[in-house]
Amino acid sequence: MTTTAPRIAIVGIAIESSAYAAHRAGYRDFPVLTGDALLARYGFLADGQPLRRAAEWIPVFMARAIPGGAVLREVYEDFRSRIVDGLRAAVAEAPLDGVYFDIHGAMSVVGLDDAEGDLVTAVRDVVGPDTLMAAPMDLHGNVSETLALALDLPTCYRLAPHEDAWETKERTARDLVEWIRRGDAPVRAWVRVPILLPGEKTSTRVEPARSLYAQLGGVAAQDGITDAAIWIGYAWADEPRCHAAVMVTGDDAEATVREAERIAGELWDARDEFSFVGPPGSLDDAVAAALAHVSDGGARPYLVSDSGDNPGAGGSGDVTWTLSHLLEKPELTSDDAPVSYVASIFDQGAIEELFAARPGDVVDVVAGARVDDRVSGPVRIRGTLVSLHEGDPAAGRIAVIRVGGIRAIVTEHRKAFHATSDFEDIGLRIRDADIVVTKIGYLEPTLYDVAEGWTLALTPGPVDQDLERLGHERIRRPMFPYDEFAERPDLSAALLQGRGYVRGGAPEASA
Ligand SMILES: [Zn+2]
């Protein structure tokens with residue numbers, strides 16, 4: 001029983017990176033927080049909050065980016081050094097009781113496998129084996145053996161879209177403080193489940209993910225159990241750690257094993273029921289459905305997800321394939337065509353040219369595919385400049401170009417248009433659009449709320465929803481849905497405590 005306030009360091013690097021994206025994440029992509037600014041990131045650690053008083057929080061270093069491509073090796077190594085140096089300084093003052101390890105779990109780093117495993121190993125080298133470590137992860141993260149052995153209290157979100165992100169971070173902090181006060185380490189029952197599915201098939205808005213995840217709170221409330229989590233895993237990387245996993249933590253070994261194996265079994269049994277959260281189709285299907293909705297007098301707007309280059313899943317953000325195809329459709333580019341907003345392509349050079357013009361001018365620019373030209377080259381946009389905008393925190397400068405019914409959005413830097421405010425902020429009222437095409441997968445909340453119709457367009461790109469079109473070579477096999485299973489896989493739990501196995505073990509060596 002610790003009597004003084006436990007000392008807990010906060011560190012992390014969080015990004016979801018597609019190994020299939022040509023984008024490389026560097027300093028510009030990662031706002032860095034240290035000191036009081038890092039502490040202020042967590043509302044539940046604000047002055048006066050019970051958790052703030054329950055521990056001495058030591059904000060060391062946190063870098064967080066929106067999803068993208070693999071992180072540049074030198075940038076990752078710099079961040080890792082800053083974390084290690086900061087922890088060394090903290091440990092030199094007094095031993096740490098805990099580390100709050102704020103990661104996503106699907107970071108790729110150029111030339112490195114299991115990036116979070118590398119990072120957690122570096123942290124363990126400083127803080128030693130006995131300091132309790134907790135991690136609030138994204139359910140699209142991966143749990144490698146290295147990570148499973150290093151973390152005492154790993155957990156993840158229970159909703160996709162992640163409307164419970166802050167609740168999860170708070171729960172994790174509370175559990176960490178409680179276990180430090182107990183002066184003990186939880187056991188954790190861990191099952192690898194050989195399933196690898198895209199997030200758009202595993203949204204908790206629909207079954208079977210809805211029920212699988214909805215039970216976790218009740219499991220965690222059982223006697224002897226602290227937390228229960230299902231990682232669906234990350235499909236746009238090609239590493240042995242990419243697969244689903246279940247982890248149940250607590251102090252009752254039998255209960256954690258029983259529940260972890262039960263949940264893993266239910267996940268496996270539901271594998272054939274996962275299907276796209278929205279009506280899927282080709283881009284042509286999506287346009288036809290949107291135009292039918294418009295001609296039937298359907299309410300505005302009809303949403304089309306250009307899912308193959310969704311920056312929210314790791315898309316590059318300058319793939320031109322969809323805009324190129326839309327600009328070839330007279331039913332969208334004629335002057336009397338329905339109004340379509342098309343977001344977005346980033347291209348600094350095109351922005352320079354567009355900012356030399358004035359709204360109302362006729363413009364002719366070539367944009368996009370500067371970073372990612374693997375599925376299509378730059379797109380030529382000939383139209384009328386509608387408006388210019390400056391100062392967007394992510395996009396920098398933005399231009400809107402009208403081509404008949406299309407309003408094409410070009411930005412200076414990579415940006416995800418995932419909220420109605422992203423459009424409204426540049427004068428594009430969401431209810432004035434007949435059709436909104438944006439680089440997204442399942443709809444994030446504000447777009448979901450306004451959508452009067454929707455197609456999840458299965459477009460090509462770095463986060464192609466057709467996983468077999470991408471090809472994986474290094475994931476563990478057999479894996480559903482790529483392989484046939486002659487029999488039910490081994491879904492027995494390994495039991496871990498501290499840095500080792502209490503019972504069972506990794507079914508095979510993990511890279
Ligand atoms: Zn996620």
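In listed order, ligands and their atoms are each counted from 1.
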K.L.:
Are any of the side-chain nitrogens in Glu167 or Arg171 under 4.0 Å away from the carboxylate oxygens of its partner?
P.N.:
no
K.L.:
Distance check below 2.8 Å: does His104 bring an N, O or S atom to the Zn ion (ligand 1)?
P.N.:
no
K.L.:
What is the name of the N/O/S atom in His140 that sits closest to the Zn ion (ligand 1)?
P.N.:
ND1
K.L.:
I'd like to know if the side chain of Ser492 pairs up with that of Asp490 as donor and acceptor (distance under 3.5 Å, no hydrogens or angles considered).
P.N.:
yes
K.L.:
Does Trp268 have Arg271 sitting over its ring (NZ/CZ under 6.0 Å from centre, angle to axis within 45°)?
P.N.:
yes
K.L.:
Do you know which two heavy atoms are closest between Val177 and Ala55, and how far apart they sit?
P.N.:
CG2-CB, 4.3 Å
K.L.:
Within the stated cut-off of 2.8 Å, is an N/O/S atom of Asp138 closer than that to the Zn ion (ligand 1)?
P.N.:
yes
